[in-house]
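Step one of this worksheet: look at the structure below.
For the single chain, residues carry numbers from 1 onward in sequence order.
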Amino acid sequence: MRPAFVAVAGLLLCACQTSTGSAPVSPLPAALAGGSHISAVQLQNAPQGVSTTFRSEFEEGLLTRLGRCATGSTPLTVSVTLDGYNAANPALALFAPSTSQISGVARVLDAEGIEVGRYRIRRTFTMGGIGGAIAATGAESTMIDAFGDELCEQAFEPAS
């Protein structure tokens, strides 16, 4: 009986997995990748079923996240069109894996509004158990942060 209890308890604690499918479509020139900062973020569309504050939280959250990796002096704007969004269900995640996913295209624009870079961003989290259910309750902010992290990695941080 005890091994079965340990197995069930282990499954309920937390199982999380992340995957990415991000890639540059048209990468920033090296001088901009290393010498620019993001002065504005524009979300072109908000997914259905998100909170009424999603647009402002996305724009503010992405601006903050990108401020950590794009620290140069040349101002750029990021314009994002989301084409995929799904938030994990906390109740489902407690008993079975549930998935949060965000995807879209980030266009990087110079001061004149000319596109200087374009990135396809996709991040997926699969979670389950108690920890997964807790993580799923903050899915919107988690996915906003994930989008920003992916864009930082693709556009502003050199490959190691």
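You'll find the side chain of Thr142 reaches within 4.5 Å of the side chain of Phe125, heavy atoms only. Taking 4.5 Å as the limit, every side-chain heavy atom of Tyr119 sits out of range of all side-chain heavy atoms of Ser26. You'll find the side chain of Ser100 stays beyond 4.5 Å of the side chain of Thr124, heavy atoms only. Residues Thr77 and Gln42 are in side-chain contact: their nearest non-hydrogen atoms beyond the backbone lie under 4.5 Å apart.
Taken from CD1 in Ile102 to CD1 in Ile121, the straight-line distance is 10.0 Å, to the nearest 0.5 Å. Between atom OG1 of residue Thr74 and atom CG of residue Leu28 there is a gap of 11.0 Å, rounded to the nearest 0.5 Å. The CG atom of Asp145 sits 9.0 Å away from atom OG1 of Thr64, with the distance rounded to the nearest 0.5 Å.
Smallest separation of non-hydrogen atoms from Ser36 and Leu76: OG-CD1, 3.2 Å. Summarising the geometry of Leu66 relative to Gly148, their closest heavy-atom pair is CD2-O, 3.9 Å, with the distance given to 0.1 Å. Nearest approach of Ser39 to Pro75, heavy atoms of both residues: OG-CB, 3.9 Å. Across all their heavy atoms, Phe156 and Leu32 have their closest contact at CE2-O, 4.4 Å.
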Pair up each side-chain donor or acceptor in residues 49-60 with any protein partner under 3.5 Å, not counting sequence neighbours, and list the distances.
| residue | atom | partner | partner atom | Å |
| --- | --- | --- | --- | --- |
| Ser51 | OG | Thr53 | OG1 | 3.3 |
| Ser51 | OG | Phe54 | N | 3.3 |
| Ser51 | OG | Glu140 | OE1 | 2.8 |
| Thr53 | OG1 | Glu57 | OE2 | 2.8 |
| Arg55 | NH1 | Leu43 | O | 2.2 |
| Ser56 | OG | Thr53 | O | 3.1 |
| Glu59 | OE2 | Leu43 | N | 2.9 |

Would you mind writing out the side-chain donor-acceptor pairs for residues 103-113 within the sub-3.5 Å range, not counting sequence neighbours?
| residue | atom | partner | partner atom | Å |
| --- | --- | --- | --- | --- |
| Ser103 | OG | Asp83 | OD1 | 2.8 |
| Ser103 | OG | Gly84 | N | 3.4 |
| Ser103 | OG | Gln101 | NE2 | 3.0 |
| Arg107 | NE | Glu115 | OE1 | 2.7 |
| Asp110 | OD1 | Glu112 | N | 2.9 |
| Asp110 | OD1 | Gly113 | N | 3.1 |
| Asp110 | OD1 | Ile114 | N | 2.9 |

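Partner of Arg65 under the side chain to side chain contact (heavy atoms under 4.5 Å, CB included) criterion, out of Ile38, Asp149, Val41, Leu151: Asp149 alone.
In this structure, Thr81 contributes its side chain and Gln44 its backbone to no donor-acceptor pair below 3.5 Å. Panel note: side chain Tyr85, backbone Ala46; no donor-acceptor pair is recorded below 3.5 Å. Judged by distance alone, with hydrogens and angles left aside, the side-chain atoms of His37 form a donor-acceptor pair with the main-chain N or O of Gly72 at under 3.5 Å.
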Evaluation steps, side chain to side chain donor-acceptor pair (under 3.5 Å), between Ser22 and Glu150
CA-CA 7 Å; Ser22 301; Glu150 285 294 315; 2.8 Å; yes
